[in-house]
2 protein chains.
Amino acid sequence: MTVVKNAVESAAEAETAALLIRRTGARATPARVRVLRLLRMVPAALTHHEIEQAIGDLPVDRVTLYRVLDWLVESGLAHRNADAQRVFRFSAAAIGEHSAHTHFRCENCGRVFCLDAAPPAPPSLPEGFSLSHLELDLRGRCAGCTGEHR
Amino acid sequence: MTVVKNAVESAAEAETAALLIRRTGARATPARVRVLRLLRMVPAALTHHEIEQAIGDLPVDRVTLYRVLDWLVESGLAHRNADAQRVFRFSAAAIGEHSAHTHFRCENCGRVFCLDAAPPAPPSLPEGFSLSHLELDLRGRCAGCTGEHR
DNA sequence: CCATCCGGCGCAACTCTGTTGCATCTGGCA
DNA sequence: TGCCAGATGCAACAGAGTTGCGCCGGATGG
């Protein structure tokens, strides 16, 4: 039954994704819809590789995936961040977008989670500096890894 | 005269660097001393490339530089962070080390500055998550770029 | 209904950053 | 001074991301 439920949810999510894409004036291609849908359903920042895996069946060309991701970021539908291993990670952008973001990176499994935590008050900057974005980066162990072997 | 002053300062800084290195029990080789001295004199997080440039005369082998940097990080004398362009940036570690860090990245010139700003209070995490490091990442315009063309 | 056009796709080749293997050299101690 | 584990230098490799270019397929106009 979960299968049926997921299938229904998937279809609905795919619709939403396609809508968001068309709203930008661009074509809602299968690759774009599938990637955006995936990002919007996963509460984590995924790498190009993880997305490639997750999309699984009907594989998308490596380059196409990069281009889709670039496009999503440019259109404001997704965020891009380099993780500690210097690999880009992508996450869906919230609808009413904010300029602050909080990530939690698990030091055991390497996964990155997007948190909704309220951004901290920006610290005072040196003379002449002006702030436009703020990002809080947390590291530690995620729920799944707590209590596991080192 | 600034030249003379800088030369004197450099020598003193080199001594300090060598001392810090020997204190870890390792050999104070020229490459290590030069890199650590540079990092300690620059209030910014530099890339491998920038360090290579800055060291200029008496060029250091690419690989050696990577190894020196790795060693500095392992010894706790430096920090490594992947920047937005997914390039590692290195900065000197403060002597009494902390597990929180604040960076300011200029969106115009790309430079990264290490700030001393007090770390914000960590937000509440989802059940099962535990925190070990915290890092605040700011983006905007640095003093040098404020008022410049886009 | 067909011709055309343009955005998006796939392949291949490339760049850039960082890593590994191995032979050679050297700082600092006996 | 002589030794040798630890550093260095060279070359070759690996992973992530980018660029160039031809092709296809959906939209558009006649």
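Here is the naming used below: chain letters follow the sequence lines, and residue numbers restart at 1 for every chain.
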Which nucleotide in D/dA7, D/dG9, C/dG10 has an atom nearest any side-chain atom of B/Ala26: D/dA7
Separation of atom CG in A/Asn81 from atom P in D/dG17, rounded to whole Å: 12 Å
d(CG, A/Asp83; C1', D/dA16) in whole Å: 11 Å
Interatomic distance, B/Leu19 CG vs C/dG28 C1' [rounded to whole Å]: 16 Å
Steps toward side chain to side chain contact (heavy atoms under 4.5 Å, CB included) verdict (A/Arg80, A/Leu72): CA-CA 9 Å; A/Arg80 166 169 45 210; A/Leu72 285 174; over 6 Å; no
Phosphate-side-chain proximity, B/Tyr66 and C/dG18, N/O vs OP1/OP2 below 4.0 Å: yes
Selection from D/dT8, C/dG18, C/dG10 that lies nearest to any side-chain heavy atom of B/His48: C/dG18
Sugar-phosphate only, base, or nothing, as touched by B/Val87 at under 4.0 Å among non-hydrogen atoms: sugar-phosphate
Candidate nucleotides C/dA12, D/dG15, C/dT26, ranked by approach to the side chain of A/Arg86 - the nearest: D/dG15
Between D/dC23 (P) and A/Asp61 (CG): distance, integer Å: 16 Å
Polar pair under 3.5 Å, donor/acceptor by atom type, side chain B/Arg67, base D/dT8: no
Atom pair OH (A/Tyr66) and CG (A/Asp61), whose distance is rounded to the nearest 0.5 Å: 11.0 Å
B/Asn81 versus B/His103, closest heavy-atom pair with distance: OD1-CE1, 3.4 Å
Which atom of B/Val33 lies closest to which atom of B/Ala14, heavy atoms considered: CG1-O, 3.7 Å
Side chain of B/Arg27 - closest among C/dG27, C/dC9, C/dC11: C/dG27
Rounded distance (Å) that lies between atom C1' of D/dA16 and atom CZ of B/Phe88: 12 Å
Whole-Å gap separating P (D/dA7) and CG (B/Leu65): 15 Å
Distance-only donor-acceptor test, B/Arg62 side-chain atoms vs C/dG18 base atoms, 3.5 Å: yes
Separation between CD1 of B/Ile51 and CZ of B/Arg34, rounded to the nearest 0.5 Å: 12.0 Å
Quiz item: B/Arg22 side-chain donor-acceptor pair to C/dG28 base, under 3.5 Å: no
Residue mapping more 5' on DNA chain C - nearest nucleotide basis, B/His49 or B/Thr29: B/His49
Short side-chain N/O contact from A/Arg32 to OP1 or OP2 of C/dG8, under 4.0 Å: yes
Distance, rounded to the nearest Å, where A/Asp70 contributes CG and D/dT19 contributes P: 9 Å
Length of the CD1-P vector between A/Ile55 and C/dC9, whole Å: 11 Å
